[in-house]
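Below: one structure, written as structure tokens.
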Amino acid sequence: MDKLRIGITHGDLNGVGYEIILKAFADAELCEMCVPVVYGSPRAAIYYRKNLGLQTNFKSISSVKEAESGMLNMVVCIEEEVKIDVGQPTEQSGKAALISLQRAVADYKAGLLDAVVTAPINKQAIHSEEFPFNGHTEYLESEFGEQGDALMILMNSLMRVALVTTHLPLKEVASHITEERVSRCIARLHKSLKHDFLVSAPRIAVLSLNPHSGDGGLLGDEEQTAIVPAINAQRELGVQCFGPYAADGFFGAGMYRQFDAVLAMYHDQGLAPFKALDVSSSVNYTAGLSVVRTSPGHGTAYDIAGKGIADENLMRQALYSAIDIVRNRRADDEASANPLKIISTERRERGHRENIPSE
């Protein structure tokens, strides 16, 4: 199989982005799995490489078309000297993060990349008239879809958790829990499990919004007015979705082990137990869009930036996940495009195993 070309944004210059990128690609085997293309600043990369005592080499290129296999490539998005204030969000670090992201997105749209892996950004630093979004998910939705298309999925060694609402103030969450929105999220999660992860018959757990699932309306009626109707509507379409489950008992009893994914109503409801149970392998994936985008499941980590102690494992996991999802999508598309050929092949193989004559 041809190597996939993976675009990697450098994220916030003052965080751990360059450290985890350079550490991850210190392993030469990773460059054999794909053609990695960082969108960034060679000067910033050299600064971190020198100050952290790293040995990772990279090749500066002007276009992704010049990327070579077997090495770490860097498309030069920022040629001039950049001011690095390690561990601090600044206007310049936000602008640099946006330039990197915009260039990678443009190349993906041009068909020059197979997937995008994003290093962490600081939402305050990057926020501007050019980037009026609450994060990568919302920005990518505006570039590759329409409102409601993107679905944030966090995945680790134990579970996949998707979110109905993402980066919203808690006081606004309830007003966004509607039957239409929950139903759409269930449908998108079901589609992603089949298409992106090749789960043939996905089982989805849906969490409640209120404590004790609302206690029959005593603690809130969103379960009765929105969540249960959405579950019923999707089940009528053949989707195996169950709930709503009260979040505390669901995670405490380990019920997530019985499902292929969990749909939480808001950010911390799903991600607090997700990270508490296993943060060592967490990857953020934006489902529901044409672009395949993953990210390490952590932030800029300003508190440890520049100290040489950032763990590159999640960047590595994000790369692995992006490669897997692209290949899964292609395999699923091929199977869907020519089902008769596959049925015939399966029948012939079964005949060989069981000595059944071909029809």
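Predicted model, so just to flag it, every value in this text is computed and none were measured.
You'll find the side chain of Y47 stays beyond 4.5 Å of the side chain of V82, heavy atoms only. Using a 4.5 Å cut-off on side-chain heavy atoms (C-beta onward), S192 and F197 make contact. Side-chain contact check for I46 versus F58: some heavy-atom pair is nearer than 4.5 Å. No side-chain heavy atom of D12 sits less than 4.5 Å from a side-chain heavy atom of I126. With contacts defined as side-chain heavy-atom distances shorter than 4.5 Å, the pair I204/H190 qualifies. Inter-residue side-chain proximity for L52 and L22 is flagged as unmet; no heavy-atom pair is nearer than 4.5 Å. Residues I20 and L314 form no side-chain contact, since every pair of their non-hydrogen atoms from C-beta on lies 4.5 Å or further apart. When side chains are defined from C-beta on, K23 does not count as touching T56, because their heavy atoms never get closer than 4.5 Å.
Rounded to the nearest 0.5 angstrom, L98 CG and E130 CD are separated by 5.5 Å. In this structure, the separation between CZ on F274 and CZ on R160 is 11.0 Å, given to the nearest 0.5 Å. For the atom pair CE (M71) and SG (C31), the distance works out to 8.5 Å, reported to the nearest 0.5 Å. The line from CG of L13 to CG of D85 is 10.0 Å long, rounded to the nearest 0.5 Å.
The closest side-chain donor-acceptor pair between S280 and D278 falls under 3.5 angstrom.
When atom types are taken as modelled, the side chain of E138 and the backbone of G135 share a donor-acceptor pair closer than 3.5 angstrom. With hydrogens and angles disregarded, no donor-acceptor distance shorter than 3.5 Å links the side chain of R293 to the backbone of T118. In this structure a side-chain-to-backbone donor-acceptor pair under 3.5 Å is present from N156 to M159. Put simply, the side chain of S281 gets close to the backbone of S157: a donor and an acceptor are under 3.5 Å apart. Put simply, the side chain of D114 never gets that close to the backbone of I6: no donor and acceptor are under 3.5 Å apart. No donor-acceptor distance shorter than 3.5 angstrom exists from the side chain of S100 to the backbone of A97, with no hydrogens or angles considered. The closest donor-acceptor contact from the side chain of N14 to the backbone of Q88 lies under 3.5 Å. Judged by distance alone, the side chain of E66 and the main-chain N or O of I61 form no donor-acceptor pair under 3.5 Å. A donor-acceptor pair under 3.5 Å is absent between the side-chain atoms of D149 and the main chain of G288, judged by distance alone. Side chain of E223 to backbone of L209: a donor-acceptor contact under 3.5 angstrom is found.
Across all their heavy atoms, A322 and T294 have their closest contact at CB-OG1, 3.7 Å. Y108 approaches S290 most closely through the heavy-atom pair OH-O, 3.0 Å. In terms of heavy atoms, R5 sits closest to K65 at NH1-CA, 4.3 Å.
Salt bridge present: R184 and E180 bring a charged side-chain N and a carboxylate O closer than 4.0 Å. Salt-bridge annotation for E79 and R43: absent, with no side-chain N of the basic residue lying under 4.0 Å from a carboxylate O of the acidic one.
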- Might you work through the side chain to side chain contact (heavy atoms under 4.5 Å, CB included) test for Q234 and V206, ending with a clear yes or no? CA-CA 12 Å; Q234 287 299 313; V206 182; over 6 Å; no

- Query: Y266 and E172: side chain to side chain contact (heavy atoms under 4.5 Å, CB included), yes or no, with the steps?
  - Reply: CA-CA 10 Å; Y266 60 93; E172 297 179 16; over 6 Å; no

- Message: Go through it in stages, so that I can follow the logic: the residues are T166 and N134, the test is side chain to side chain contact (heavy atoms under 4.5 Å, CB included), and I'd like the CA-CA distance, side-chain angles, deciding distance and then a yes or no.
- Response: CA-CA 9 Å; T166 53; N134 291 333; over 6 Å; no

- Could you give me the CA-CA distance, side-chain angles and deciding distance for K95 and E91, then say whether salt bridge (Lys or Arg N to Asp or Glu O under 4.0 Å) is met? CA-CA 6 Å; K95 287 182 178 178; E91 182 179 353; 3.3 Å; yes

- Kindly indicate, with the supporting measurements, whether the criterion side chain to side chain contact (heavy atoms under 4.5 Å, CB included) is fulfilled by V182 and E222. CA-CA 11 Å; V182 175; E222 286 81 7; over 6 Å; no

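Hydrophobic clustering of Ile, Leu, Val, Met, Phe, Trp and Tyr side chains at less than 4.5 Å, counting indirect connections, keeps L113 apart from V76. I21 is connected to V117 through a chain of hydrophobic side-chain contacts under 4.5 Å among Ile, Leu, Val, Met, Phe, Trp and Tyr, so both are in one cluster.
Ring geometry for F242 against F259 counts as tilted: the plane angle lies between 30° and 60°, on a 0 to 90° scale. Using a 30° and 60° split on the angle between ring planes, H267 and H167 fall in the tilted class, from 30° to 60°.
Evaluated for a side chain to side chain contact (heavy atoms under 4.5 Å, CB included) with L263, the options I227, V161, I186, I231 yield exactly one hit, I186.
A cation-pi geometry, defined here as NZ or CZ lying under 6.0 Å from the six-membered ring centre and within 45° of its normal, holds between K109 and F144.
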